[in-house]
Amino acid sequence: MGALQLTLGLTAVAISAVAWGMFVRTIARFVRTIRLGQPDSTRNGPFVARMTTMIKEFAAHTRMSKFRHVAWAHWLVMWGFLIGSAALFEAYGEVFVPTWGWPILDHWALWHLLMELLGVATVVGGVALAIIRQRNHPRRADRQSRFQGSNMKQAYFVEAVVILEGIGILGVRAAKAALGAHEVPTWAAFVTNPLGDLLPASGALVSIFAFAKLMMAMVWVYVVARNMTMGVAWHRFSAFFNIYFKREADGGVALGAVRPMMSGGKPLDFEEADPEKDVFGAGKIEDFSWKGWLDFSTCTECGRCQSQCPAWNTGKPLSPKLLITQLRDHAYAKAPYLLAGGSRDMAGDEVGLSGENMYAGIDVLAIAESERALVGSDGAAGGVIDPDVLWSCTSCGACVEQCPVDIEHVDHIVDMRRYQVLIESNFPTELGGMFKNLENKGNPWGQNAKDRLQWTEDLDFEVPVFDGELGDTEYLFWVGCAGAFEDRAKKTTRAVAELLHTAEVKYCVLGPEETCTGDPARRAGNEFLFQMLAQQNVEVLNSVFEDVPVGKRKIVVTCAHCFNSIANEYPQLGGDYEVVHHTQLLNKLVRERRLTPVAPVTEDVTYHDPCYLGRHNKVYEAPRELVGASGATLREMPRHGDRSMCCGAGGARMWMEERIGKRINVDRVDEALGTAPSKIATGCPFCRVMLTDGVTQRQNDGVAGEHVEVVDVAQLLLTAVRRGKTDAAEKPEESAVDDQPDVPASTELVKEN
């Protein structure tokens, strides 16, 4: 050990001690900060299932692989960071003793091959990621870049360190090869052995390269330790925990049911709730659970969620990525105030600290941050999240589906909406009428319950209505509000009823006993109204199925939103049923030859995946198989399956006007028209309404032909089964709500002719 080695080694140790000390202290601050969130005991287990999911997601990159052109490069960099850490810590020995290597491992050729591959892979992966970032740079016009709004300097810094660390691994190995520090066959050092032939045999060179590699790493450690909001770096550590603690223990993403309204780590009981003590949604950053804080901390700013968001892609102010990063920045800016015990009541008055100098020792910026409203316009209340951002969400779940680190965007948005509705009474004016109709009439359109069977008129068979006993009934047909009252949706209801009748399926409907499932109320944040409607329905359904074993309580539903609520959310309230979508049941009947298409629909059809059928419930194949069974030629849109574009109706957006940017339904129709279809098929009445309105607008614009129409897949099948005869469900109808006031144009129940 010479003077150079001793000097470099001691310098490296001293600098590392400072950097690693800062790093450990920052991690401790992370833990204290994340624990500021509300408790959530639902994340604790089961251990094996959660650990299996975590290992699978990071080792196989199952979530990252949704963007395959990026996944391979990130996979290389990830393993280079994890296993390459052995080369980093090996450098501490190499600085002092150039020939030093890990005991035992240094004598294995396979170990040297692994290090060689990691060095090359890290460089290749880092360069690839930098190129991908450049090709998708925000300089591209009009929101085309998924990195718009991301901190590009931080990202380039991380990628530069990745590349340099890979070069450092190869450089040290090449210098040791030149020195003859170890005998490694060329197949295990296919890059560094040839490079070593070009370098002088110098122990000093090994020490210098090792020192340089260490210093690059310590610069990274120092920078990230000083920047707790640097998600592009910190996700290397927090992503493991965020994946492990994801909402669904079975590995599923946070879609389907909305997370129950929690307070103190337990579901909120409205009968005993106290607004002064309990948490009603999220009105302050500390109202989010600790998992929410972990979500905010883990965002990598990759922008995958943003690239898939229908609101962002149609010019709305909502970007799921920017919403999460804004919450993150606010959380960490406010954290010193909260850690000091600060707290404000609903009026904004300080209640956590007292005394003349109660803010002594607290960063003035943290105090200022504590005074900001979580939701409010920048000009008025200085809110963190603008109301237009909050209410632009359609809850389609594209952000959650694409996020590689399992951030639960939709749950966070719904929690903020809950507080705005239940505590602040601050929501879009159109929702007021919808809430009133749900409360008074049991449906969003405000129609009378006695009219729920009007869709059965003119059918040439009798629709069985539940009369107190199920008898040999196999399925309860849940018609839904749209299926009962909306003229276009009635056609789907009639088609399904006729197909069930043809297949001799024993079913019945509830008629006036049905009430809205509460989906629009819950997604709009009115959890109280949802609970009221859902509990009423669960009581009715449980009484209907009173003599039927739990595993055999079958319900068939045509509305994707009803399907999702009854199947995924009613179990939270004691309603356990086997719920199938009508496309699933009809597909089963076709396979069993109880329905036989005999006259092919020889037309080109494109299929739109309803978000609450596809992404939220993974039903993709049954509707497509029905399109094929009808004889139609299926033309897929560019965005389909789990990347399908929303129609714009979800998240209670069906009842709100779009005043910003391009209408989502028109954007989706433009994509559908690009496949040159004669029909656009779907499996949800909300989607059918929105797409029909979009087609009508494009026909008025002269862009779409008059022959293009929107249908449900059940209608395609019925046409084929009935040998092309005119469907009774296609008869012109008078609108059921011509006198309904203040209903947005996109949701009016109009006569379709």
Side-chain angles (χ1 to χ4, degrees), residues 455-464 472-475 477 479 483 488-509 554 556-558 580-610 613 619-636 672 675-685 687-688 691-692 705-733 752-753:
W455 63 271
T456 63
E457 297 175 0
D458 300 326
L459 289 176
D460 56 7
F461 60 91
E462 183 178 351
V463 174
D472 60 351
T473 299
E474 184 178 6
Y475 288 95
F477 181 9
V479 177
R488 289 160 285 194
K490 286 181 182 178
K491 299 175 183 179
T492 301
T493 309
R494 290 183 176 127
V496 171
E498 184 162 347
L499 288 167
L500 294 179
H501 177 75
T502 301
E504 298 183 349
V505 174
K506 300 295 184 181
Y507 74 95
C508 69
V509 299
K554 299 180 180 180
V556 59
V557 184
T558 58
V580 296
H581 191 254
H582 71 281
T583 57
Q584 294 175 301
L585 177 56
L586 294 179
N587 194 46
K588 176 175 177 286
L589 296 175
V590 170
R591 288 186 172 190
E592 294 174 350
R593 300 186 181 278
R594 295 171 67 181
L595 288 174
T596 306
V598 292
V601 179
T602 55
E603 297 182 77
D604 292 331
V605 175
T606 190
Y607 175 71
H608 164 79
D609 287 281
L613 181 63
V619 179
Y620 298 114
E621 296 306 318
R624 287 174 168 79
E625 290 181 9
L626 283 181
V627 171
S630 71
T633 300
L634 178 64
R635 293 176 175 265
E636 293 282 14
T675 67
S678 57
K679 285 183 171 60
I680 302 172
T682 188
C684 173
C687 294
R688 180 170 182 173
L691 295 176
T692 300
E706 294 298 323
H707 67 287
V708 179
E709 64 174 331
V710 181
V711 298
D712 189 279
V713 290
Q715 291 176 273
L716 288 176
L717 180 64
L718 181 60
T719 300
V721 169
R722 297 183 65 195
R723 299 179 180 273
K725 294 180 180 179
T726 302
D727 180 7
E730 298 295 331
K731 292 182 179 180
E733 306 166 15
E752 182 178 85
N753 247 324

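Numbers here are sequence positions counted from 1. Computed from a predicted model, the values in this text were never measured in an experiment.
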Legend entry - His581 side chain to Val556 backbone, donor-acceptor under 3.5 Å: no
Inset, instruction - Using modelled atom types only, decide if a donor and an acceptor are shared between the side chain of Ser630 and the backbone of Val601 within a distance under 3.5 Å. - result: no
Legend entry - Note, Leu716 side chain near Tyr607 side chain (heavy atom, < 4.5 Å): no
Legend entry - Arg624: which of Asp609, Asn587, Val713 passes side-chain contact (heavy atoms from CB on, under 4.5 Å): Asp609
Inset, instruction - To the nearest 0.5 Å, tell me how far Leu595 CG sits from Leu626 CG. - result: 9.0 Å
Inset, instruction - Output the distance between atom OG1 (Thr682) and atom NE2 (His608), rounded to the nearest 0.5 Å. - result: 4.5 Å
Legend entry - Nearest heavy-atom neighbours spanning Ala714 and Val496: CB-CG2, 3.8 Å
Inset, instruction - I would like to know whether Gln584 and Val619 meet side chain to side chain contact (heavy atoms under 4.5 Å, CB included); could you show each step before the answer? - result: CA-CA 8 Å; Gln584 294 175 301; Val619 179; 3.5 Å; yes
Inset, instruction - Would you name the heavy atoms of Ala629 and Val590 that are closest together and state the gap between them? - result: CB-CG1, 4.2 Å
Inset, instruction - Scan side-chain atoms only and decide if Gln715 and Arg494 contain a donor-acceptor pair under the 3.5 Å cut-off. - result: no
Legend entry - Spatial distance of atom NZ (Lys506) from atom OH (Tyr475) [nearest 0.5 Å]: 14.5 Å
Inset, instruction - Taking Glu625 for its side chain and Ala622 for its backbone only, find out whether a donor-acceptor pair lies under 3.5 Å. - result: no
Inset, instruction - Find the distance between CD (Glu709) and CG (Leu691) and round it off to the nearest 0.5 Å. - result: 13.0 Å
Inset, instruction - Could you pull out the closest heavy-atom pair between Pro464 and Tyr507, with the gap in Å? - result: CG-O, 2.7 Å
Inset, instruction - May I ask you to test the Val580-Val557 pair for a side-chain heavy-atom distance under 4.5 Å? - result: no
Legend entry - Heavy-atom closest pair, residues Ala676 and Asp604: O-CB, 4.2 Å
Inset, instruction - Supply the atom-to-atom distance Cys684 SG to Asp712 CG, rounded to the nearest 0.5 angstrom. - result: 9.0 Å
Inset, instruction - Could you walk me through whether Leu717 and Leu499 pass side chain to side chain contact (heavy atoms under 4.5 Å, CB included), step by step? - result: CA-CA 8 Å; Leu717 180 64; Leu499 288 167; 4.0 Å; yes
Inset, instruction - Please tell me if the side chains of Thr492 and His582 come closer than 4.5 Å, counting only heavy atoms from C-beta onward. - result: yes
Legend entry - Spatial distance of atom OG1 (Thr502) from atom CG (Leu589) [nearest 0.5 Å]: 10.0 Å
Inset, instruction - For residues Glu603 and Thr633, determine if any side-chain heavy atom of one lies less than 4.5 Å from a side-chain heavy atom of the other. - result: no
Inset, instruction - Start with the C-alpha gap between Glu498 and Leu718, add the side-chain angles, then the distance that decides, and say whether side chain to side chain contact (heavy atoms under 4.5 Å, CB included) holds. - result: CA-CA 8 Å; Glu498 184 162 347; Leu718 181 60; 4.0 Å; yes
Legend entry - Residue pair Thr493 / Phe477, side-chain heavy-atom distance below 4.5 Å: yes
Legend entry - Pairwise side-chain contact, Thr606 with Glu636, heavy-atom cut-off 4.5 Å (strictly under): no
Inset, instruction - Heavy atoms only: give me the nearest Pro677-His707 pair and the separation to one decimal. - result: O-NE2, 4.0 Å
Inset, instruction - Describe, in one word, how the ring planes of Phe461 and His501 are oriented to each other, choosing from parallel (under 30°), tilted (30 to 60°) and perpendicular (over 60°). - result: parallel
Inset, instruction - Heavy atoms only: give me the nearest Gly683-Pro610 pair and the separation to one decimal. - result: N-CG, 3.8 Å
Inset, instruction - Start with the C-alpha distance between Leu613 and Tyr620, add both sets of side-chain angles, then the distance that settles side chain to side chain contact (heavy atoms under 4.5 Å, CB included), and finish with yes or no. - result: CA-CA 8 Å; Leu613 181 63; Tyr620 298 114; over 6 Å; no
Legend entry - Pair Glu504-Arg594, salt bridge (charged side-chain N to carboxylate O under 4.0 Å, His left out): steps then yes or no: CA-CA 8 Å; Glu504 298 183 349; Arg594 295 171 67 181; over 6 Å; no
